[in-house]
**Student:** 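Have a look at this one.
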Amino acid sequence: MSFSAEAQAWADNKVRLNLQGRLDSATCAGFEQQLLGLLEPKGATVVVDCTALDYVASAGLRVILMGAKRARQNEGQMVLCGLQPQVREVLEISGFLKILSVAPDFAAAQAGL
Amino acid sequence: MNMDDGMDDKRHPAPGRLELLRAGAWPLTFKFTLILLLVALLPMLLVAYGNLRGGLEGVARTERANLALGAQGLARQLDQLIDGDRKLALLLAEDQDVQAYLQAPATERPGLQGPVAYRLALLMRAHPELANLYLMDAEGVFVAATDSALIGARRNFRDYFTRALAGQVYSSNLLMGLNTGEPGVYFSAPVRQAGGRVIGVAVVKLKGTAVEAILRDAGEGLVAFLADGDGVLIDHPDPAWRYRSLAPLAPERIQAIQAVSQFPVDTLRPLRIAGLEQVPRLTGPGAVDYRLPGGEAWVAGVAPMARHDWRVILAEPESRFAAPLRVLFEQSLATLAVTGALVAVLAWLLGRAMTRPMLILTAAAGQLRGGDYEAALSRTDLSAVGARKDELGALAQVFRGMGEEVYRREFSLDQQVQARTRELADKNSLLEATYRRVDEELRLARDMQQAVLPQHFPGDGRWQVHASMAPAREMGGDFYDCFPLGDGRYGVLVADVSGKGVPAAFFMAVSRTVIEDVAAELQQPAATLARANDLLCDRNPMELFVTVFYGVFDPADGSFVYASAGHNPPLLRRADGRVDKLDVARDMALGVLPGMDYSETRLILGEGDLLLMYTDGVNEALSPAGEEFGDARLLAWLAQAGGRAPERLCAALAEALAGFVAGAEPSDDITVLFLRAGAPVGRRQSWRIPSRVEAIEALAADVEQFLGHGPQAGSGAQSQLAFQVNLCIDELLTNTIQHGLGGDSGHQIQVSLEVDGDWLEIRLQDDAPAFDCFAEAPPPDLDLDLEARPVGGLGVQFVKTLMDEYSSRHDGSGNLVILRKRLAGTGPDAAGQDPNQLSDEDAL
């Protein structure tokens, strides 16, 4: 299964990041670089589409939290969408749902921007 | 000096602050110095002080006499001045020109005035101390004067006129001139005509400054002043003192004086200086002491004048003559201080020289007491003390001799002890080798005893059985057995041989063989026990016996037929959780008496029923407090232990007992046998993975597959379970790999999963240093804002949230983490325990 993250720009400084597979301590290092890189430009918007993300561990959550902090610093936005029920449960247990922007799917995420 | 005190000091080398207040606690050197200082310096101090006092008094006496003499000298000078001017007044009164001038009628006087004026001017020139010369007629009118402005003025009310007119020669006090306002002394004498009748008065006014000049010339540092007959200061260098009375005067007197004297003050205030108040009372020359209001001490000499009622006072401050003496005293004190310091240093050095040998002896004695003989006896300072010819030298020599003797004895005693110790050690090692050999053989025998018991158990889809025997340290005689009887039925038994040690072990081996043989032949439990009893009674030279519970189980119909030879009744747990003791007949143990009968009981075991056969090592296990595990605890344990495979139950009961005895060595063998009727429960799988996070993904797939094989395979609930289990395993493994092992990928971690009844149990075993992730990780604050939220610390929180029970312990070789989760679709925990903390009893 492993993990991949594919970035698609749909407008200037707006990127959709499609996650797929397992986001755990073995795979999070590359994802961390990619996500923080996308959020680096001032005002960057990243929609993290988790529709195909089967699994996330605390190492992955750590990267998502860092991304959210980076987005706020750079006056950008980071939105999660398409959470599978179990991934959603992990985010809920960790209290992340309260502090992250979450949308049901990509279209809703775009609409809410 | 007191030697005992010195020794005391050494025995209590650090006296407290309060202790030092007692003279007994002072060091000898200090006392010696103190005594020497007292002896040498105190008399010197007293003598110096006495000298100063005597000197001061003598000088003061002399000074008073000198001042009195000085005052007399001044009084004489003033007397001469007054006498001279008095005579001048007389001379003027007896002058013929003057007499003629005053005798002449007023109309003729201007003609006679020339010689008189010439006369007055001549006298005036010859006597510069005079202020004025006058002639008055009998009416008191100035008819001639050196100051012509006065001529014609009338002064018939003044004393010098009235007294002279009455025929006296008169000297006035120091009065104020009415015209001039200058002070002066008036001398008057009557001018008579040939018949003796007074026709006028001749007056001489002496300048007050002339009197002052004499007094001011009294000498450097001295103060001279003048008091009149009333004690009023008519002259003083300090204007503030002038016209003040030495002693208080009556108000009428003050009025009278003021009327006559015309002093330029409102009133004659008294000085109120104690010593000076005596002055008006002195009749002859004398001296007085007094203090100024500021406190300065003064001494004064007093002399009355012969030609007047005045007194001359000559004063000086005491400091003027006492100063040299004080300097002398201070010099004496300085000398004394230097001498004292020298004496102190000398005394201290001397004291130290005297106490040093004692200190050396004390130090050497301390070393002796501490066993450091060589250091004590080879001290060079001790030899130096020993070389002295005095008493201390003798003491040091005796001390050395004593020390050497003690050393010699100690040394030989030491040698003897060492020799004996070596002998003992030899014998000990011999004993130890023997003991080890015997112990090793006993251990082998115990292992053997256990190894001969069945390690593999029958069982199929209808029933399962498992047994274990944990031997006590001393060889015992417990055993269990489980064997097929050939017709599809199985015999199961537990037995306990009386007594301990090698005989019991032998009897156990014999008993087991006999019972198994007889069982194969006779099939029925009661008959088997009866026959085995007869055989064992024949072969029992040590008169041992064995209690046996023997049952025959038929998996085909679930029937269980059993008999007991004096054994404790097994426990039966029905599938619904009910636990009871089996009814057993009270029949005799095997090997006691031949020819015994045994009764049989039959029951049916249904699906899920569980039978526990055990020896008394179970219910008689003792806690550290001496409490027995007991039947009640065993019944309760069995009640909540259902739903697991017999093999797991054996291990679980063993752990429960281990937790209860808390490390105490078991005093008896512990034998248990679980027989379960029905389909088998529980599945188990283990993996060993390398300590790399990349290995976790493959394990996750295996875990999912293992959990997918359950009865709810493929359902959403099962998939959720797999996700949660994998998340927890992932978090804990990542924790262990990254923190426990510090990222070292050369280790192996064992992961095992077991589904047992209602429970899923996950075990993670590593070889990392002790690390309790549940105790050490602080719970993250889930309510923090995005900015404040720390990155990390969530993994343990997931485990605590998603699992029902969790525990971690370090067993010496690594950490064992046990997670338990109640599987979906089953009720709450039967034992009602805290679901968050795993206790030892059900740590499986």
Side-chain angles (χ1 to χ4, degrees), chain A residues 1-4 20-32 35-36 39 48 50 53-80 83-102, chain B residues 689-705 716-739 743 745 773 777 779-803:
Chain A
M1 183 183 336
S2 210
F3 176 76
S4 73
Q20 188 256 317
R22 285 173 60 87
L23 181 53
D24 59 15
S25 47
T27 57
C28 67
F31 176 56
E32 178 180 335
L35 180 64
L36 296 185
L39 287 163
V48 181
C50 302
L53 182 68
D54 298 314
Y55 176 84
V56 63
S58 65
L61 291 187
R62 177 177 160 275
V63 176
I64 289 172
L65 181 64
M66 286 167 69
K69 286 188 178 183
R70 177 67 59 91
R72 186 169 293 189
Q73 272 169 16
N74 294 350
E75 295 165 20
Q77 266 188 299
M78 192 192 83
V79 182
L80 301 181
L83 299 175
Q84 291 187 20
Q86 284 142 13
V87 173
R88 190 181 178 85
E89 189 190 359
V90 171
L91 284 169
E92 186 160 12
I93 294 172
S94 55
F96 276 29
L97 286 186
K98 282 187 268 184
I99 54 177
L100 295 179
S101 313
V102 179
Chain B
I689 65 159
S691 56
R692 292 185 293 114
V693 290
E694 290 78 9
I696 297 174
E697 186 174 347
L699 174 68
D702 287 352
V703 167
E704 197 163 3
Q705 199 180 13
Q718 195 67 22
S719 154
Q720 188 188 17
L721 175 70
F723 186 96
Q724 292 175 348
V725 169
N726 268 325
L727 181 62
C728 294
I729 293 176
D730 182 359
E731 298 294 353
L732 292 174
L733 286 180
T734 303
N735 227 357
T736 300
I737 291 167
Q738 291 180 342
H739 303 300
S745 62
C773 50
D781 185 346
L782 300 181
D783 294 324
L784 282 180
D785 186 44
L786 175 63
E787 298 301 321
R789 192 65 192 267
V791 174
L794 279 171
V796 171
Q797 173 69 18
F798 291 160
V799 176
K800 290 181 175 177
T801 310
L802 296 174
M803 293 291 138

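So you know, we letter chains A, B, ... as the sequences are listed, proteins then strands, and number each from 1. Values below: all heavy atoms of this structure, side chains included; hydrogens, waters and symmetry mates excluded.
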**Student:** Between atom CD of Glu89(A) and atom CD of Gln724(B), what is the distance when rounded to the nearest 0.5 Å?
**Tutor:** 4.5 Å
**Student:** Can you say whether Val56(A) sits under 4.5 Å from chain B via the side chain, the backbone, both, or neither, judging by heavy atoms?
**Tutor:** backbone
**Student:** Which answer fits Ile93(A), side chain, backbone, both or neither, if we ask what part of it has an atom under 4.5 Å from a heavy atom of chain B?
**Tutor:** both
**Student:** Would Gln86(A) and Ser719(B) count as a side chain to side chain contact (heavy atoms under 4.5 Å, CB included) if you check the C-alpha gap in whole Å, the side-chain angles of each, and the deciding distance to 0.1 Å?
**Tutor:** CA-CA 9 Å; Gln86(A) 284 142 13; Ser719(B) 154; 3.6 Å; yes
**Student:** Distance check, rounded to the nearest 0.5 Å: Leu65(A) atom CG versus Leu794(B) atom CG?
**Tutor:** 8.5 Å
**Student:** Against chain A, label Glu694(B) side chain, backbone, both or neither, depending on which of its atoms sit under 4.5 Å from a heavy atom there.
**Tutor:** both
**Student:** Name the region of Leu802(B), side chain, backbone, both or neither, that has any atom closer than 4.5 Å to a heavy atom of chain A.
**Tutor:** side chain
**Student:** With respect to chain A, which residue among Thr801(B), Val693(B), Ile737(B) yields the maximal number of heavy-atom pairs within a distance under 4.5 Å?
**Tutor:** Val693(B)
**Student:** Among residues at least two apart in sequence or on other chains, which ones pass side chain to side chain donor-acceptor pair (under 3.5 Å) with Asp730(B)?
**Tutor:** Tyr55(A), Thr734(B)
**Student:** Between atom CG of Asp24(A) and atom CG of Leu733(B), what is the distance when rounded to the nearest 0.5 Å?
**Tutor:** 11.0 Å
**Student:** What I'd like to find out is whether the side chain of Pro85(A) reaches to under 4.5 Å of the side chain of Gln720(B), using heavy atoms alone.
**Tutor:** no
**Student:** Roughly how far, to the nearest 0.5 Å, is CD of Glu697(B) from OG of Ser25(A)?
**Tutor:** 11.0 Å
**Student:** Could you tell me which non-hydrogen atom of Phe723(B) sits nearest to which non-hydrogen atom of Val87(A), and how far apart they are?
**Tutor:** CZ-N, 4.2 Å
